[in-house]
Amino acid sequence: MPELPEVETTRRGIAPHLLGQVIRGAIVRQPRLRWPVPDLQSLLGGQRVQTVERRAKYLLLGFTRGTLIIHLGMSGSLRILPADSPPRPHDHVDLLFGRHCLRLHDPRRFGAMLWAEGDPLAHPRLRGLGPEPLSATFDGACLHQAARGRRVAIKSLLMDGKVVVGVGNIYATEALFRAGILPNRAAARVSRARLDRLAGEVKAVLGQAIERGGTTLRDFLNESGEPGYFAQELFVYGRAGEPCKRCGTPILTRQIGQRASAFCPKCQR
DNA sequence: ACAGTAACCTGTTTGC
DNA sequence: TGCAAACAGGTTACTG
């Protein structure tokens, strides 16, 4: 479900409901996510939410005495619901506030809830991550440096969190189409000028997706249970066999690094 | 250091 | 129609 735009959409949606609120309790129905969920009841009880931030695809809820780090994995979502809403299957964690709760739903359980005391950016899961794609530190020069001597597919490089964070399969696929670059081209064999273009397209596609409230393919819903509207603007992702929106050539797919990669053989070189 | 693969899970779609 | 295989938005950990 979530790449950076969906996580950012979630962050913007939940922040107004959480900021300044005091947690009165937590319910962990299923502690076995990607890593064991800590005892949130005793860690969080009585603390106030001071910040709701994002780093890569991690949401960071800042409390008085530490930070709750949340990752949504492949299938996770967060909703704001009345505190007494009956849980459905895969509703693993509730954070209880006054009249409402923040509920984590995650069928595949690839998500995570971690606790960090001190600087959350120093947590082992966040330390060593690359630059934020929408920040000024991410640009063509940055990609050029990372691509030096690398024979991996440019798409794999783009999805490598040490190079740049937050770019998953959908948006890597789309950014490469917009930049006119074949996804399986060796990273070191993409010219500097085209890397400049690619960095720009990554920023553009992520920015537009955030404006539309994210991409809903089958099950992404925002904090209120509404879908995002970026799917209709996808050029190649999920369109194998359909005509390219630019030139009409049928869209092809191939596996790159175990992920389906759609591309237009005419528009991308 | 690098590149490729398996693994963690469950639900949905595809193909015979 | 029924069942099994393939596939899905992410990330880590292991292999050679």
Side-chain angles (χ1 to χ4, degrees), chain A residues 1-10 29-37 54-59 69-78 88-93 104-114 123-130 133 145-176 183-189 202 205-206 209-210 212-222 227-234 236-241 253-262:
Chain A
M1 175 277 287
E3 293 194 30
L4 186 145
E6 292 75 44
V7 177
E8 179 62 20
T9 296
T10 298
R29 300 184 190 84
Q30 170 56 279
R32 295 177 56 207
L33 303 185
R34 188 97 163 62
W35 295 281
V37 177
R54 178 188 59 73
R55 170 72 173 116
K57 295 171 190 165
Y58 294 91
L59 287 166
I69 301 172
I70 303 173
H71 198 290
L72 300 177
M74 289 275 258
S75 59
S77 59
L78 291 170
R88 295 174 307 149
H90 312 301
D91 284 346
H92 304 312
V93 177
L104 174 71
H105 175 84
D106 184 8
R108 291 178 71 180
R109 290 195 271 130
F110 289 171
M113 281 204 177
L114 304 165
H123 188 279
R125 301 273 75 81
L126 304 189
R127 198 192 316 146
L129 289 176
Q145 176 67 26
R148 185 165 266 166
R150 299 289 300 276
R151 276 179 264 193
V152 280
I154 184 64
K155 176 163 180 271
S156 299
L157 193 84
L158 211 47
M159 293 175 68
D160 181 347
K162 293 187 289 300
V163 174
V164 59
V165 300
V167 186
N169 203 29
I170 299 176
Y171 300 108
T173 297
E174 290 297 306
L176 285 161
N184 62 327
R185 176 172 288 276
R189 299 202 45 195
V202 166
V205 73
L206 293 177
I210 291 170
R212 300 283 185 283
T215 298
T216 298
L217 296 177
R218 45 178 72 82
D219 59 9
F220 172 70
L221 301 174
N222 69 14
Y229 294 97
F230 193 69
Q232 58 209 58
E233 298 176 44
L234 297 174
V236 284
Y237 182 90
R239 298 193 62 245
T253 59
R254 89 173 46 173
Q255 288 282 119
I256 298 175
Q258 309 179 159
R259 310 302 290 273
S261 301

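Residue numbers start from 1 in every chain, and the chains themselves are labelled A, B, ... in the order their sequence lines are given, proteins ahead of strands. Computed over heavy atoms, backbone and side chain alike; hydrogens, waters and symmetry mates excluded. Computed from a prediction, not measured in an experiment: that's the story for all the values here.
- Rounded to an integer number of Å, the gap from A/D106 CG to B/dC9 P is 12 Å.
- Atom OH of A/Y237 is separated from atom OG1 of A/T173 by 7.0 Å, given to the nearest 0.5 angstrom.
- Where stacking is scored as ring centres under 5.5 Å apart with planes under 30°, A/F110 registers as stacked on the base of C/dG10.
- Within a 6.0 Å radius of CZ in A/R29, more than 12 heavy atoms belonging to other residues, nucleotides or ligands are found.
- Relative to the side chain of A/R125, the nucleotides C/dG9, C/dT12, B/dA3 differ in distance, and C/dT12 lies closest.
- Across the protein-nucleic acid pair, A/R109 atom CZ and C/dT11 atom P stand 19 Å apart, rounded to whole Å.
- Distance CG (A/L4) to P (C/dG9): 16 Å, rounded to an integer number of Å.
- For the atom pair A/Y58 OH and A/H123 NE2, the distance stands at 8.5 Å (nearest 0.5 Å).
- In this entry the distance linking CH2 of A/W35 with P of B/dC9 reads 13 Å, nearest Å.
- Heavy-atom distances to DNA chain B give each of A/R151 and A/Q258 a nearest nucleotide, and the one nearer the 5′ end belongs to A/R151.
- Between B/dT10 and A/H90, no contact under 4.0 Å exists linking OP1 or OP2 to a side-chain N or O.
- Nucleic acid contact class of A/A260 (heavy atoms, under 4.0 Å, all strands): sugar-phosphate only.
- Taking the C1' atoms as reference points, B/dA3 lies 24 Å from C/dG9, given to the whole Å.
- For the C1' atom pair drawn from B/dT12 and C/dT11, the interatomic distance equals 22 Å after rounding to whole Å.
- Remark: the backbone N or O of A/A56 is paired with a side-chain donor or acceptor of A/R54 at under 3.5 angstrom.
- A straight line from CE of A/M74 to C1' of B/dT12 spans 13 Å, rounded to a whole angstrom.
- Within the model, atoms CG of A/D106 and CZ of A/R108 stand 9.0 Å from one another, a figure rounded to the nearest 0.5 Å.
- Relative orientation of the A/F230 and A/Y171 rings is tilted, given thresholds of 30° and 60° on the angle between their planes.
- A straight line from CZ of A/R88 to P of B/dT10 spans 17 Å, rounded to a whole angstrom.
- Within the structure, every side-chain polar atom (N or O) of A/R108 is placed at least 4.0 Å from both OP1 and OP2 of B/dG11.
- None of A/D160, A/N184, A/N169 except one satisfies the side-chain hydrogen bond (donor to acceptor under 3.5 Å, both in side chains) rule with A/K155; the exception is A/N169.
- Remark: A/R34 CZ to A/H71 NE2 distance equals 9.0 Å, nearest 0.5 Å.
- No side-chain donor-acceptor contact under 3.5 Å links A/R109 to the backbone of A/Q30.
- Rounded to the nearest 0.5 angstrom, A/N222 CG and A/T216 OG1 are separated by 8.0 Å.
- Contact annotation: A/R34 side-chain N/O to B/dA7 OP1/OP2 distance is not under 4.0 Å.
- In this model, the phosphate group of C/dG9 is approached by a side-chain N or O of A/Y237 to a distance below 4.0 Å at OP1 or OP2.
- Toward the 5' end of DNA chain B, the nearer of the two residues A/P107 and A/G149, judged by each one's closest nucleotide, is A/G149.
- The distance between atom CZ of A/R148 and atom P of B/dA1, rounded to the nearest whole Å, is 17 Å.
- Helical stems in DNA chain C, defined as runs of 3 or more consecutive Watson-Crick or G-U wobble pairs with donor-acceptor distances under 3.5 Å: B:2-8 with C:10-16, B:10-16 with C:2-8.
- Nucleotide B/dG4 holds its C1' atom 14 Å from the CZ atom of A/R259, rounded to whole Å.
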Measure all distances between protein nitrogen or oxygen atoms and nitrogen or oxygen atoms of nucleotides 14-16 of chain C, and list the pairs falling under 3.5 Å.
none

